[in-house]
There are 2 protein chains.
Amino acid sequence: MTTEGRAPLGRSRRPTIKDVAEAAGVSRSTVSRALTGRGYAAGEVRERVLRAAAELGYVPDAMARTLKQQVSRSVGVLVSDLRNPFYAELAAGASREARERGYTMVLADTSLSAEAESEAAEALVALRVAGVIVTPNSSAVSTYLSSHGIPVVEVDRQFAAGSTDGVVVGNRVGARLATSHLVGLGHRRIALFIDETDWTTGYERHQGYLEALAAGGLTADPGLVVSSGWDVADSRRRALDMLRGPDRPTAVFAANNVLAEGVWRAIGELGLGVPGDISLVAFDDAPWMSMVSPGVSAVAQDTFNLGATAVRRLHERIALPEADSVTTVLNVRLVERESTAHPPAL
Amino acid sequence: MTTEGRAPLGRSRRPTIKDVAEAAGVSRSTVSRALTGRGYAAGEVRERVLRAAAELGYVPDAMARTLKQQVSRSVGVLVSDLRNPFYAELAAGASREARERGYTMVLADTSLSAEAESEAAEALVALRVAGVIVTPNSSAVSTYLSSHGIPVVEVDRQFAAGSTDGVVVGNRVGARLATSHLVGLGHRRIALFIDETDWTTGYERHQGYLEALAAGGLTADPGLVVSSGWDVADSRRRALDMLRGPDRPTAVFAANNVLAEGVWRAIGELGLGVPGDISLVAFDDAPWMSMVSPGVSAVAQDTFNLGATAVRRLHERIALPEADSVTTVLNVRLVERESTAHPPAL
DNA sequence: GTCGGATATGACATCGTTCCCACATCGGAT
DNA sequence: ATCCGATGTGGGAACGATGTCATATCCGAC
């Protein structure tokens with residue numbers, strides 16, 4: 001609490017490199033060299049500096065450093081919806097990997113809105129982040145960030161394949177796996193619940209579904225492909241409609257965990273038996289799927305790893321800005337639980 | 001792609017305020033005034049500047065600005081585990097509120113480790129964030145950050161009540177609510193699953209449990225209070241032990257969603273009926289609790305709002321650094337589902 | 001015709017770092 | 001004695017923004 005020296009150190013001004021220099025009786029340059037390890041600093045002097053720094057509780061100003069060096073140690077992470085366990089886990093993976101590589105993570109939840117996404121992107125440009133990983137809602141983000149010279153990695157889905165790096169999962173394979181599983185059990189009327197087919201995820205999963213049907217010698221019935229909105233409420237509503245209607249399917253493949261939740265709730269409300277009346281398989285293995293009874297079969301993706309891999313890719317990209325862009329595809333696997341069985345006998 | 005002027009603008013250097021100034025034919029000062037709106041700028045000039053800035057795609061460097069102004073527009077958010085829906089939702093709430101108030105969010109997952117927490121805290125000091133909200137693992141963070149003059153808000157649990165702000169929920173009330181509910185149904189052997197009782201959350205929930213027992217005229221049996229580890233696996237193991245043992249309880253109150261999951265799984269594995277053989281109520285209403293059947297009764301906290309409120313509190317604190325510290329307590333409510341009923345007849 | 005306020009703009013120091021350069025000292029070789 | 005490389009250290013100019021201050025011009029009032 002005692003005020004020291006002539007400068008109004010007063011209550012508490014953060015110590016700067018200058019304060020450390022004075023305390024150690026050397027110049028700012030020397031302190032910088034001693035602390036960063038770049039350039040000469042005699043053993044005894046280095047020790048003195050380190051001691052002074054520790055004593056003052058000196059923490060170098062990342063802003064000033066970044067400004068001078070023109071490279072930041074922060075990466076931006078843009079995800080659609082942290083409340084969805086998929087994105088939360090992806091962010092968790094990114095966080096761990098970022099920490100391990102010495103990056104801090106600037107995160108924004110873009111709420112599936114293109115506007116929030118642009119705003120966030122601009123903030124990241126202002127912060128001069130070293131790179132960004134994003135689950136894009138449009139092609140605008142990647143374009144915008146790239147135009148500002150910021151490396152981008154698109155995760156989960158891609159809008160700018162070819163011009164930016166991507167880390168995705170085997171959507172087509174996964175969808176085929178899930179659908180084939182149903183076909184193999186003898187189902188012939190298999191519905192697909194999907195939110196959009198413009199994004200790569202939706203498109204690929206739809207394709208995988210169709211491929212599996214074709215491979216099983218089934219003709220695809222467009223009436224069985226339900227374009228749902230992105231939320232549980234809408235999915236549930238549409239599932240109720242479909243399951244109440246005539247000629248209902250004997251199995252449903254839900255293209256993501258949110259849609260699966262809607263379908264699951266609808267099934268429960270209608271008092272239908274799973275898998276007795278209807279089989280259900282989901283893309284993306286959310287925690288609840290292993291908690292409910294019967295457990296829901298699902299295509300599991302290593303979401304945590306998806307985030308971690310994206311940060312690794314970004315790190316490499318930052319090191320080699322001019323290298324050709326790469327899309328990494330992570331494998332998925334089908335987790336069979338109790339929600340899938342033979343269709344009911346006629 | 002054409003190189004312009006004498007300076008090596010070359011491929012792409014980010015435009016600075018100087019570039020805008022030259023393009024608009026004015027000085028840097030004028031550009032600054034025109035863009036920030038602080039100080040004079042004639043209508044025509046302002047327009048010219050804005051146009052030049054837009055044309056160049058100029059985005060002010062937040063680093064330089066922060067360095068000069070000595071105040072940043074970033075807040076730090078430190079959470080224990082993004083994979084836990086509780087923390088994910090808290091982060092989501094913080095994110096939305098941060099965006100609304102014009103802050104960017106620097107987030108770190110501290111993995112329940114004190115070491116990661118300190119590291120992250122130091123990074124936040126280096127970044128000169130305007131403030132930090134944290135779900136603390138120890139008292140060290142708040143102390144450390146405060147000593148560097150950074151405002152802190154502790155969320156969910158408090159280690160530094162009195163000296164820093166806090167935003168928590170009515171833990172004691174909630175636990176009493178849950179336990180009383182069981183007592184009211186006629187249960188006399190009610191187990192408590194809890195991970196630790198050093199943190200305020202654990203302590204208060206334990207107290208609430210005890211109070212409810214006392215109010216119901218029951219004597220607390222220490223053998224019914226299970227100190228579990230923090231993960232599902234351990235909780236499950238201990239639940240198996242207890243439920244297999246003699247004289248098992250007729251009801252369990254799990255002090256958080258992770259413990260509840262362990263207990264739920266154990267019950268399922270043992271083939272016990274809920275609520276026929278055993279009633280279950282949880283603190284913290286995780287998504288799966290409304291998905292499973294029977295639904296799990298739970299003390300619901302508005303977790304999203306918890307994060308949002310913390311950011312609001314932080315914002316106020318930043319504005320008034322010297323004001324007395326405040327602890328905000330959010331209300332909880334008991335959501336009754338089907339996992340709680342009268343104890344089995346003897 | 002000069003004064004003074006309003007209106008506008010630019011020069012320049014500054015924030016906390018880094019790092020290029022100049023410079024100092026020293027021991028040993030010529 | 002002089003020169004040289006090796007070993008250290010400090011001075012000072014950046015980085016990109018802001019904001020204070022000085023200054024320039026104009027207009028109307030005395």
Side-chain angles (χ1 to χ4, degrees), chain A residues 7-9 13-49 52-53 56-74 123 125-130 148-149, chain B residues 7-9 13-49 52-53 56-74 123 125-130 148-149:
Chain A
L9 254 179
R13 198 192 32 128
R14 267 189 267 262
T16 74
I17 201 173
K18 200 177 154 199
D19 299 321
V20 178
E22 278 169 14
V26 294
S27 73
R28 288 170 5 245
S29 312
T30 304
V31 174
S32 176
R33 279 187 308 253
L35 293 181
T36 63
R38 280 186 285 269
Y40 281 122
E44 193 266 339
V45 172
R46 154 167 290 131
E47 292 233 337
R48 198 143 38 93
V49 170
L56 291 173
Y58 169 70
V59 179
D61 187 321
M63 301 284 165
R65 175 176 292 177
T66 299
L67 179 58
K68 172 63 185 164
Q69 304 192 134
Q70 297 290 76
V71 295
S72 126
R73 290 301 280 172
S74 299
V125 172
L127 285 175
R128 305 296 191 251
V129 291
H148 278 271
Chain B
L9 254 179
R13 201 193 27 132
R14 266 190 268 261
T16 72
I17 199 172
K18 199 176 155 200
D19 300 320
V20 178
E22 278 168 14
V26 294
S27 73
R28 291 171 2 243
S29 311
T30 305
V31 174
S32 174
R33 278 188 309 252
L35 293 180
T36 61
R38 281 186 284 269
Y40 281 122
E44 194 266 338
V45 172
R46 154 169 289 131
E47 291 232 340
R48 197 143 38 94
V49 170
L56 291 173
Y58 170 70
V59 179
D61 186 322
M63 301 285 166
R65 177 176 291 176
T66 300
L67 179 59
K68 171 64 181 161
Q69 303 191 138
Q70 298 288 78
V71 297
S72 126
R73 289 301 281 171
S74 299
V125 171
L127 286 174
R128 305 299 191 247
V129 292
H148 279 269

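When reading the values below, keep in mind they use all heavy atoms of this one structure, side chains included, and skip hydrogens, waters and symmetry mates. These numbers come from a predicted model, not from an experiment.
For the pair A/Leu67 CG and D/dT18 C1', the computed distance is 13 Å after rounding to whole Å. For A/Leu127 and D/dG16, the CG to C1' distance is 14 Å, given to the nearest whole Å. For the pair B/Arg14 CZ and D/dG16 C1', the interatomic distance rounds to 12 Å; values are reported in whole Å. If you measure from atom CD1 of B/Ile17 to atom P of D/dG19, you get 11 Å, rounded to the nearest angstrom. One can place CG of B/Asp61 at 10 Å from P of D/dT18, the figure rounded to the nearest angstrom.
Within residues 35-46 of chain A, the residues approaching DNA chain C are A/Thr36, A/Arg38, by heavy-atom distance under 4.0 Å.
Not one side-chain nitrogen or oxygen of A/Thr30 sits closer than 4.0 Å to the OP1 or OP2 atom of D/dT9.
Partners of B/Thr30 under the side chain to side chain contact (heavy atoms under 4.5 Å, CB included) rule, at least two apart in sequence or in another chain, are B/Val26, B/Ser27, B/Arg33, B/Val45. Applying the side-chain hydrogen bond (donor to acceptor under 3.5 Å, both in side chains) test to B/Arg48 and every residue at least two apart in sequence or in another chain returns B/Glu44. Qualifying side chain to side chain contact (heavy atoms under 4.5 Å, CB included) partners for A/Ala123, counting only residues two or more places apart in sequence or in other chains: B/Thr104. Residues satisfying the salt bridge (Lys or Arg N to Asp or Glu O under 4.0 Å) test with B/Arg28, not counting sequence neighbours, are none.
Of all heavy-atom pairs spanning A/Pro15 and A/Gly57, the tightest one is CG-O, 4.0 Å. The shortest heavy-atom contact between B/Gln69 and B/Arg38 is OE1-NH2, 3.5 Å. Across all their heavy atoms, A/Val20 and A/Val49 have their closest contact at CG1-O, 4.1 Å. Across every non-hydrogen atom of A/Thr16 and A/Tyr58, the tightest pair is C-CE1, 3.5 Å. What you find for A/Leu67 and B/Ala64 is that their closest heavy atoms are CD1-CB, 4.0 Å.
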Between the protein and nucleotides 22-27 of chain D, which nitrogen or oxygen pairs are less than 3.5 angstrom apart?
none

Review item, nucleotides 11-13 of chain D N/O atoms under 3.5 Å of protein N/O:
from: D/dG11; atom 1: N7; to: A/Ser29; atom 2: OG; distance (Å): 3.2
from: D/dG11; atom 1: O6; to: A/Ser29; atom 2: OG; distance (Å): 2.9
from: D/dG12; atom 1: O6; to: A/Ser29; atom 2: OG; distance (Å): 3.2
from: D/dA13; atom 1: N6; to: A/Arg28; atom 2: NH2; distance (Å): 3.3

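Along DNA chain C, the stretch of nucleotides lying under 4.0 Å from any heavy atom of chain A spans, 5' to 3', C/dG16 to C/dC19.
Under a cut-off of 6.0 angstrom, the local environment of CD in A/Glu47 is sparse, with at most 12 non-hydrogen atoms contributed by other residues, nucleotides or ligands.
If B/Gln70 and B/Gly25 are placed on DNA chain C by their nearest nucleotide, the residue sitting closer to the 5' end is B/Gly25.
Every pair passing salt bridge (charged side-chain N to carboxylate O under 4.0 Å, His left out) that includes a residue from residues 58-72 of chain A is listed here, sequence neighbours excluded: A/Asp61-B/Arg128.
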side-chain contact (heavy atoms from CB on, under 4.5 Å) evaluation trace for B/Leu127 with B/Ser72 = CA-CA 8 Å; B/Leu127 286 174; B/Ser72 126; over 6 Å; no

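Defining each end axis of the helix from C/dG1-D/dC30 to C/dT30-D/dA1 as the rotation carrying four pairs' C1' atoms onto the next four, with five pairs an end, the two axes are found to diverge by 80° to 10 degrees.
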